[in-house]
S.K.: 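After the structure tokens below, expect a handful of questions from me.
Quick note on labels: first sequence line is chain A, next is B, and so on, each numbered from 1.
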Protein chains: 2
Amino acid sequence: MGIEKKKQLKKQRDSLIWAAAKLFRRQGYSGTGLRDILAASGAARGSLYHYFPGGKEQIGAAAVTAAGGLVTETFVELARQADGPADFLRRYTALLVGWLEASDFRDGCPITTTLLETTPGSAAIGEAGRAVFADWQLVMETMLAQDNWPAVQIAPMATAMIAGLEGALLLARVQGTAQPIHDTVGALCTLLEAKEV
Amino acid sequence: MGIEKKKQLKKQRDSLIWAAAKLFRRQGYSGTGLRDILAASGAARGSLYHYFPGGKEQIGAAAVTAAGGLVTETFVELARQADGPADFLRRYTALLVGWLEASDFRDGCPITTTLLETTPGSAAIGEAGRAVFADWQLVMETMLAQDNWPAVQIAPMATAMIAGLEGALLLARVQGTAQPIHDTVGALCTLLEAKEV
DNA sequence: AATACTATAGCGACTGGTCTACATAATATG
DNA sequence: CATATTATGTAGACCAGTCGCTATAGTATT
């Protein structure tokens with residue numbers, strides 16, 4: 001009972017984190033005020049500083065960790081279902097394009113903007129971001145290893161996959177089209193299916 | 001004489017634009033105040049609103065156009081010197097890594113952060129960004145065409161090159177290492193040199 | 001004399017952060 | 001079991017500082 005109660009109580013905390021993550025994704029870190037987060041989550045100012053005595057920076061780091069972690073979970077689940085890295089990318093593309101179009105290309109990567117704004121100014125947010133990228137990298141590397149890629153090619157190829165996705169997402173948002181994602185993923189898949197790197 | 005004089009007078013305007021571009025690149029759009037730009041350029045507030053009656057949004061768009069245009073010029077010059085797209089990427093990588101290390105990974109892409117923050121909120125900045133990306137795309141496509149790529153592959157491959165560079169630059173800044181750039185460019189070069197897409 | 005440009009004071013709105021008052025919950029003590 | 005006591009969490013007023021922007025006075029250029 002105590003545990004469930006605690007979970008209930010932590011609901012306010014979670015609500016704050018997710019409200020912050022959504023707002024940071026759309027308007028960036030500096031462009032989002034604590035008042036926006038408070039209004040979106042319905043919490044009071046006192047609650048925010050109770051759960052996050054470190055203020056905006058701390059909730060920023062928590063939002064990066066939470067939103068990045070959700071992407072990691074999606075990656076892991078998709079990697080489990082997919083038949084190799086190229087199939088993984090195609091499946092993720094389908095999801096990604098769906099989200100983009102549903103939000104009219106407003107919702108991009110939930111951590112990129114915040115990280116670009118706060119690197120290297122905030123050590124806490126930067127560290128959260130590096131941890132997320134490391135998780136993503138691990139998922140990709142595991143997939144490539146299971147696809148029998150030569151050991152020395154695994155890490156670089158995994159990085160190229162993440163970089164390609166991030167860059168394509170940026171272009172897609174700015175241009176308001178999913179085309180950059182299809183083009184970039186197409187190129188990555190060519191590379192992944194050739195395998196003779 | 002009149003023309004030169006006008007150029008002289010426009011120096012304040014240019015100074016404002018470049019001060020803005022540098023600050024936006026490091027701290028983002030929302031994170032940079034007009035006071036910062038004024039202080040960095042040495043101009044007075046009145047001058048800013050004289051040259052940019054549209055205020056922050058207008059100087060933001062001008063900064064994107066100017067900084068993006070400088071990158072375009074670098075691309076064009078490098079494309080002229082390089083022996084094909086893969087060589088182009090390797091040469092640009094050398095430059096990029098040099099700039100990154102010289103700034104301790106503080107100076108990334110001069111337009112990415114601003115665009116992510118203001119898309120789709122600001123039509124003017126978004127339009128400036130799309131124009132820059134279109135220029136970059138044209139440079140890449142021209143290079144691929146000269147390298148005798150099949151017509152249908154040219155546009156997607158050009159997009160993938162830009163996306164890869166942008167994503168790698170993001171990862172490099174956050175991780176404080178040039179490795180993501182080397183890895184991503186390596187993968188792109190493999191693709192470019194195979195050509196059997 | 002007219003135009004182009006500079007300089008600064010000041011506006012209302014908003015920033016992140018602090019502080020105190022208060023409600024609720026868990027624990028301790030008779 | 002009932003009542004004190006201490007954590008825990010909520011609520012909002014308030015602060016100094018900064019935001020983008022406007023208005024006005026002044027200087028320089030043509």
S.K.: Could you tell me how far apart B/Gln58 (CD) and D/dG20 (C1') are, to the nearest whole angstrom?
M.R.: 14 Å

S.K.: Is a donor from one side chain sitting under 3.5 angstrom from an acceptor on the other, for A/Glu166 and A/Thr112?
M.R.: yes

S.K.: For B/Thr32, answer base if it contacts any base atom (sugar-phosphate contacts may also be present), sugar-phosphate if it contacts only those atoms, and nothing otherwise; contact means non-hydrogen atoms under 4.0 Å.
M.R.: sugar-phosphate

S.K.: Tell me: CD1 of A/Ile37 to C1' of C/dG17, nearest whole Å?
M.R.: 14 Å

S.K.: Hey, are A/Ser47 and A/Gln12 close enough side-chain-wise for a donor-acceptor pair under 3.5 Å?
M.R.: no

S.K.: I need the B/Tyr51 OH to B/Leu16 CG distance, nearest 0.5 Å.
M.R.: 8.5 Å

S.K.: Distance check: side-chain N/O of A/Ser47 vs OP1/OP2 of D/dT10, anything under 4.0 Å?
M.R.: yes

S.K.: Calculate the interatomic distance between B/His50 atom NE2 and D/dA28 atom C1'; express it in whole Å.
M.R.: 12 Å

S.K.: Should B/Arg90 and B/Glu193 count as an ion pair when the cut-off is N to O under 4.0 Å?
M.R.: yes

S.K.: Starting at CZ of B/Arg13 and ending at C1' of C/dA4, how long is that distance when rounded to a whole Å?
M.R.: 14 Å

S.K.: Would you say B/Gln12 reaches C/dC5's phosphate, i.e. side-chain N/O to OP1/OP2 under 4.0 Å?
M.R.: no

S.K.: By the definition side chain to side chain contact (heavy atoms under 4.5 Å, CB included), identify the one residue from B/Leu89, B/Thr184, B/Leu191 that meets it with B/Met161.
M.R.: B/Leu89

S.K.: Using the salt bridge (charged side-chain N to carboxylate O under 4.0 Å, His left out) definition, which of the options A/Lys22, A/Arg173, A/Arg25 pairs with A/Asp107?
M.R.: A/Arg25

S.K.: Report the distance from atom CZ of B/Phe52 to atom P of D/dG20, rounded to the nearest whole Å.
M.R.: 15 Å

S.K.: What's touching nucleotides 21-25 of chain D from the protein side, N or O pairs under 3.5 Å?
M.R.:
from: D/dC21; atom 1: OP2; to: B/Tyr49; atom 2: OH; distance (Å): 3.0
from: D/dC21; atom 1: OP2; to: B/Lys56; atom 2: N; distance (Å): 2.9
from: D/dC21; atom 1: O5'; to: B/Tyr49; atom 2: OH; distance (Å): 3.3
from: D/dC21; atom 1: N4; to: B/Arg45; atom 2: NE; distance (Å): 2.0
from: D/dC21; atom 1: N4; to: B/Arg45; atom 2: NH2; distance (Å): 2.7

